[in-house]
Protein chains: 2
Amino acid sequence: MVNNMEKQQIIQLLHENGLKATLQRQIICEYLFNTDEHPTAEQIMQKISEKYPTISIATIYSTLKNLKEKKIIHELEFSNKLPSHFEPNTNPHINIICPKCHDILDFESETFTKFWKLIVQEINRSPERHVIDIYALCEKCQVKK
Amino acid sequence: MVNNMEKQQIIQLLHENGLKATLQRQIICEYLFNTDEHPTAEQIMQKISEKYPTISIATIYSTLKNLKEKKIIHELEFSNKLPSHFEPNTNPHINIICPKCHDILDFESETFTKFWKLIVQEINRSPERHVIDIYALCEKCQVKK
DNA sequence: TTCTTTGCAAACAGTTTGCACCTAT
DNA sequence: ATAGGTGCAAACTGTTTGCAAAGAA
């Protein structure tokens, strides 16, 4: 979990970024900032339906789009058939993704951080965004195999 | 250009991988293995229409899918709205992608190769696939800005 | 009040699929 | 001969959009 945010902090964060603190946005942020999951829009929808059954999938997408534009969250994009996943960790880091069950794990280490700085220096441009994904079977799927 | 392949080599490559060497596949491979571009299915379609006007987009997609399954080519997948790009370079390498014009450049260096091995060791799983994308404005788009 | 956001359904775009015909081996 | 490939159009799916009603500032 990157941040463990409470209601007041969330409202403040939204306002700081020029976003109106609607109930829907608060609930979406509350979930997203307090989980290690990397949920899809649909998964967020289902989670939130418990508390807020009338929320629409278009609102989820719209909120996620807003948060992404403000660089508050990061979108993990895959192929056309697979839905995007979202997470609040916006530091460059590796996502270890299971090709079977699509479970996603964040990976950060000193070696990686040091290494990545060197690479970015070598490339000598200002990166807007970093996507570093390693596809490897998770422990559960490795056993099942 | 990773490989500069001639007709005979392409036919052999297809056969080695248990794929029938149809004319369509030969032409697709011939283009893909002899360019530094990272074309989309649609771009391949347009290029190939010159030589082979009756080819269908479904055939392109099907061939690309086959080549990918045999690990002969690599698919660069983006968001749902953007089409995938394809390239014959299947070694772990960085793709430097321009967020404006979507131009894609392969980047490999000794530093990268050395460190990537270390990182993979640290993670201690057998990766099936690596996706390392850096989004940074290309020179052309930087100027225009 | 004013400007933004919500929520619904319809639209969108890249990709896949079903199926009849064709072709490489 | 026959397993596998092609090509068309229709289907699929995650995401976006237009618009009227509701809500935050």
Side-chain angles (χ1 to χ4, degrees), chain A residues 7-8 10-29 38-46 48-49 51-70 72-86 102 104, chain B residues 7-8 10-30 38-46 48-49 51-70 72-86 102:
Chain A
K7 268 219 158 64
Q8 271 320 307
I10 288 169
I11 293 172
Q12 200 185 325
L13 179 74
L14 290 168
H15 284 172
E16 279 168 1
N17 285 280
L19 299 170
K20 289 192 176 170
T22 64
L23 189 52
Q24 293 91 331
R25 286 180 179 164
Q26 289 178 44
I27 294 176
I28 293 170
C29 287
H38 296 64
T40 64
E42 201 61 53
Q43 285 166 346
I44 295 173
M45 170 81 169
Q46 278 172 24
I48 281 175
S49 300
K51 284 190 186 178
Y52 198 110
T54 62
I55 200 162
S56 139
I57 192 71
T59 303
I60 310 265
Y61 276 112
S62 144
T63 297
L64 292 171
K65 193 181 173 186
N66 283 320
L67 295 174
K68 190 186 161 191
E69 274 167 15
K70 302 297 183 186
I72 299 171
I73 62 168
H74 183 243
E75 179 177 5
L76 290 146
E77 300 171 294
F78 303 100
S79 79
N80 251 48
K81 270 296 150 65
L82 296 172
S84 288
H85 291 243
F86 297 86
H102 302 114
I104 299 168
Chain B
K7 269 218 158 66
Q8 272 317 309
I10 288 169
I11 293 172
Q12 199 186 326
L13 179 74
L14 290 168
H15 285 171
E16 278 168 0
N17 284 279
L19 299 170
K20 288 189 179 172
T22 64
L23 189 53
Q24 292 90 332
R25 287 182 178 163
Q26 289 178 43
I27 294 175
I28 293 170
C29 288
E30 205 183 344
H38 296 62
T40 63
E42 202 61 52
Q43 286 166 347
I44 295 172
M45 171 80 170
Q46 277 171 25
I48 281 176
S49 301
K51 285 191 187 178
Y52 197 111
T54 63
I55 201 163
S56 139
I57 192 71
T59 302
I60 310 265
Y61 276 113
S62 144
T63 296
L64 292 170
K65 193 181 173 189
N66 284 318
L67 295 174
K68 190 187 161 193
E69 274 167 16
K70 302 296 183 183
I72 298 172
I73 62 168
H74 184 244
E75 179 176 5
L76 289 146
E77 300 171 294
F78 303 99
S79 79
N80 251 48
K81 269 297 150 65
L82 296 172
S84 288
H85 290 243
F86 298 85
H102 301 113

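By convention in this document, chain letters (A, B, ...) are assigned in the order of the sequence lines, proteins followed by strands, and residues within each chain are numbered from 1. Computed over heavy atoms, backbone and side chain alike; hydrogens, waters and symmetry mates excluded.
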Inset, instruction - Please round to 10 degrees the angle between the axis of the first five pairs and the axis of the last five pairs in the helix from C:dT1-D:dA25 to C:dT25-D:dA1. - result: 40°
Legend entry - For atom CD1 of B:I28 and atom C1' of D:dG7, their distance in whole Å: 12 Å
Legend entry - Whole angstrom value for the distance that separates P of C:dT5 from CD1 of A:I27: 17 Å
Inset, instruction - Indicate the atoms forming the closest heavy-atom contact of B:H102 with B:H85, along with that distance. - result: O-CE1, 4.4 Å
Inset, instruction - Would you please name every residue forming a side-chain hydrogen bond (donor to acceptor under 3.5 Å, both in side chains) with A:Q24, sequence neighbours left out? - result: A:Y52
Inset, instruction - Taking the side chain as every heavy atom from C-beta outward, state whether B:Q46 and B:E42 have any atom pair closer than 4.5 Å. - result: yes
List, with names and distances, any nitrogen or oxygen atoms from the protein found under 3.5 Å away from nitrogen or oxygen atoms belonging to nucleotides 10-16 of chain D.
| from | atom 1 | to | atom 2 | distance (Å) |
| --- | --- | --- | --- | --- |
| D:dG14 | O4' | B:N80 | ND2 | 3.1 |
| D:dT15 | OP1 | A:S84 | N | 2.9 |
| D:dT15 | OP1 | A:S84 | OG | 3.2 |
| D:dT15 | OP2 | A:Y61 | OH | 2.0 |
| D:dT15 | O5' | A:Y61 | OH | 3.2 |

Can you check nucleotides 19-24 of chain C for protein contacts, nitrogen or oxygen pairs under 3.5 Å, and list what you find?
none

Legend entry - Whole-Å distance separating the OH atom of B:Y52 from the P atom of D:dG5: 14 Å
Legend entry - Verdict with supporting geometry, B:E16 and B:Q12, side-chain hydrogen bond (donor to acceptor under 3.5 Å, both in side chains): CA-CA 6 Å; B:E16 278 168 0; B:Q12 199 186 326; 3.2 Å; yes
Inset, instruction - List for me each residue that meets ring pair (Phe, Tyr, Trp, His ring centres under 6.0 Å) alongside A:H38, sequence neighbours excluded, and say none if there are none. - result: none
Inset, instruction - Could you check if a side-chain atom of A:L13 sits within less than 4.5 angstrom of a side-chain atom of A:C29, using non-hydrogen atoms only? - result: no
Inset, instruction - Provide the closest heavy-atom pair for A:L82 versus A:F78 in the form atom of the first, atom of the second, distance. - result: CB-CB, 4.0 Å
Legend entry - Whole angstrom value for the distance that separates C1' of D:dG23 from CG of A:L14: 15 Å
Inset, instruction - Would you kindly give the CG-to-C1' distance between A:L19 and C:dC3, to the nearest whole Å? - result: 14 Å
Inset, instruction - Locate the shortest heavy-atom distance separating B:A21 from B:H15; write the atom from each residue and the value. - result: CB-NE2, 3.6 Å
Legend entry - Contact nearer the 5' end of DNA chain C, comparing B:I11 with A:N66: A:N66
Sequence neighbours excluded and cut-off under 3.5 Å, please list the side-chain donor-acceptor pairs for residues 57-67 of chain A, or say none.
| from | atom 1 | to | atom 2 | distance (Å) |
| --- | --- | --- | --- | --- |
| A:T63 | OG1 | A:T59 | O | 3.0 |
| A:N66 | ND2 | A:S62 | O | 3.2 |

Legend entry - Whole-Å gap separating P (C:dT16) and CE (B:M45): 15 Å
Inset, instruction - To the nearest Å, give me how far apart CG (B:L64) and C1' (C:dT17) are. - result: 17 Å
Inset, instruction - Could you tell me which non-hydrogen atom of B:R25 sits nearest to which non-hydrogen atom of B:K20, and how far apart they are? - result: NH1-O, 3.0 Å
Legend entry - Separation of C:dT6 C1' from A:Q24 CD (nearest whole Å): 6 Å
Inset, instruction - Determine the minimum heavy-atom distance between B:M45 and B:S49, stating which atoms define it. - result: O-OG, 2.6 Å
